[in-house]
Amino acid sequence: MSKVIALAPLPAPGSSPARASAPDAFVRAAAAAPREPGPVADKRGRPLHDLRISVTDRCNFRCVYCMPKDVFGRDYPFLAHAELLSFEEITRVARIFVDQGVRKIRLTGGEPLLRKNLERLVEMLARMGDLDLTLTTNGALLAKKAKSLRDAGLTRVTVSLDSLDDATFRAMNDVDFPVARVLEGIDAAAAAGLAPIKVNMVVKRGLNEASIVPMARHFRTTGHIVRFIEYMDVGATNGWRMHDVVPAAEIVRMIDAEMPLVAADPNYSGEVAERWRYRNCAGEIGVIASVTQAFCRDCTRARLSTEGKLYTCLFATSGYDLRALVRGGSTDEELGNAIAAIWRQRTDRYSEVRTSNTARIQKVEMSYIGG
Ligand code: SAM
């Protein structure tokens with residue numbers, strides 16, 4: 001029978017700075033310890049099902065709610081290339097995650113299409129077989145890359161677009177990028193067969209509420225699914241206040257007043273978006289209410305940062321350094337042991353306990369951990 005070692009508990013949220021890997025000793029002990037038998041589920045019974053991989057911490061947008069220019073300026077210390085996991089390292093780690101039960105992989109960032117030769121990584125991951133392999137992008141480079149990504153094996157794509165009003169969109173991305181170019185990217189993705197396309201719109205009070213109904217109206221008959229996302233207190237630099245959140249219920253009411261909606265069942269257990277269908281025509285929208293209706297109890301997502309740290313929550317303050325194992329000669333079995341042990345001791349439920357005070361905790365930035 002295998003012996004299971006007692007692993008030290010993690011530090012309390014907020015006790016370590018944003019990029020620290022406080023639990024390194026835990027990772028090393030977990031890798032070396034004999035494997036606890038049975039399925040990989042966390043302390044709240046949640047399986048490990050999804051992996052989000054951040055392939056770069058850089059972005060060509062400076063969205064005011066995500067990478068505000070005054071913080072992410074010319075002098076910002078982005079990661080050096082040598083610190084990033086290589087495609088070979090990402091693929092190896094991803095394969096081990098798949099062995100632990102992961103069935104869905106999302107490439108993200110930063111802006112993933114900024115990572116050179118991303119198609120090569122897509123091809124390497126797609127070779128692993130039966131996976132939902134998708135990507136989230138701001139769409140700026142999508143018109144150029146949609147076909148090659150599809151050819152490389154990408155299944156679907158999610159495009160972020162916060163307004164169809166050009167002035168509002170340019171102000172929100174803060175690099176004066178026009179809506180029309182993102183729409184071209186969406187069209188190219190559709191033509192390449194990267195469907196169904198999801199369009200993510202983050203709603204921030206006072207910035208783009210007026211864009212909610214036009215967005216729904218524009219995409220209603222296209223087959224693309226718009227998902228309205230409540231503005232969240234990710235990271236520590238966006239100055240989040242509860243007052244700025246437009247609750248999902250309010251968003252649904254606004255759309256329903258013009259285009260009647262009816263609630264739809266989730267596609268699968270743990271689906272992040274709450275689905276609504278149009279009563280009078282085909283098409284649907286989703287709302288992601290992580291602030292007003294937390295869905296931590298169904299969260300099956302792990303996040304691998306650009307430099308190979310594993311985070312078990314979007315709102316985490318520290319990650320587990322898997323790169324140290326990868327570059328330190330650990331075997332696949334040892335890496336698998338570490339991943340399983342990390343997941344098994346997971347208790348995260350940040351969105352269920354969020355207050356204005358927790359919002360001030362030094363959480364990792366979304367551009368680094370991967371959206
Ligand atoms: N650059 C890519 C993009 O724009 O889609 C991928 C990374 S981005 C961090 C992923 C998603 O997170 C985007 O849809 C973005 O709008 C969303 N996001 C960023 N900050 C957010 C916040 N504070 N609240 C809610 N969503 C946010």
Side-chain angles (χ1 to χ4, degrees), residues 50 52-69 71-72 78 105-115 118 134-142 145 149 154 156-163 168-169 172-175 177 179 181-182 185-186 189 194 197-205 207-208 211 215 224-248 251 272-273 286-292 294-295 301 303-306 311 314-315 350-351 354 359 361 363-371:
D50 310 61
R52 297 197 171 187
I53 303 175
S54 173
V55 293
T56 175
D57 58 340
R58 292 164 198 258
C59 191
N60 43 357
F61 284 11
R62 285 292 176 273
C63 297
V64 290
Y65 56 81
C66 186
M67 294 183 78
K69 248 183 194 165
V71 178
F72 295 89
F78 289 105
I105 292 183
R106 176 177 298 278
L107 300 179
T108 178
E111 171 47 42
L113 299 188
L114 289 183
R115 180 88 185 245
L118 189 74
T134 176
L135 173 145
T136 304
T137 173
N138 60 28
L141 299 170
L142 193 55
K145 295 212 159 226
L149 287 166
L154 194 72
R156 295 185 294 113
V157 76
T158 297
V159 183
S160 305
L161 178 59
D162 294 328
S163 181
T168 307
F169 184 60
M172 284 184 80
N173 64 55
D174 211 11
V175 293
F177 198 86
V179 170
R181 299 255 311 271
V182 180
I186 292 174
L194 288 167
I197 294 171
K198 291 181 181 160
V199 179
N200 277 358
M201 170 176 167
V202 175
V203 184
K204 185 173 176 196
R205 196 174 294 287
L207 264 185
N208 63 341
S211 303
M215 186 71 92
H224 310 332
I225 302 168
V226 183
R227 287 140 28 117
F228 299 91
I229 304 177
E230 287 180 351
Y231 170 52
M232 297 183 286
D233 55 326
V234 288
T237 57
N238 70 359
W240 183 90
R241 296 171 311 162
M242 188 61 99
H243 172 80
D244 298 329
V245 178
V246 180
I251 295 170
V272 171
V287 285
I288 301 183
S290 95
V291 177
T292 61
F295 39 79
R301 279 175 295 285
R303 291 182 149 84
L304 185 65
S305 78
T306 316
Y311 290 85
L314 176 58
F315 302 94
Y350 176 82
S351 290
R354 170 188 290 111
I361 291 173
K363 300 177 245 71
V364 283
E365 292 301 326
M366 198 166 184
S367 50
Y368 158 76
I369 196 178

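All of these numbers come straight from a predicted model, not from anything done at the bench. Counting starts at 1 for both ligands and their atoms, in listed order. Just so it is clear, the values below take in all heavy atoms, side chains as well, and ignore hydrogens, waters and symmetry mates.
In this structure, Arg52 has no salt bridge (charged side-chain N to carboxylate O under 4.0 Å, His left out) partners at least two apart in sequence or on a different chain. Here Arg181 pairs with nothing under the salt bridge (charged side-chain N to carboxylate O under 4.0 Å, His left out) rule; sequence neighbours left out. Taking Arg58 as the reference, Thr56, Phe78, Leu114 meet the side-chain contact (heavy atoms from CB on, under 4.5 Å) condition, with sequence neighbours excluded.
Taking a heavy-atom cut-off of under 4.0 Å, ligand 1 is surrounded by Tyr65, Cys66, Thr108, Gly109, Gly110, Glu111, Thr136, Thr137, Asn138, Ser160, Asn200, Val202, Ile229, Glu230, Tyr231, Met232, Val234, Asn238, Met366, Gly371.
By the 4.5 Å heavy-atom criterion applied to side chains, Pro112 and Arg115 are not counted as neighbours.
A donor-acceptor pair under 3.5 Å is formed between the side chain of Arg62 and the backbone N or O of Phe72. For Arg205 (side chain) and Tyr231 (main-chain N/O), no donor-acceptor pair under 3.5 Å exists by modelled atom type.
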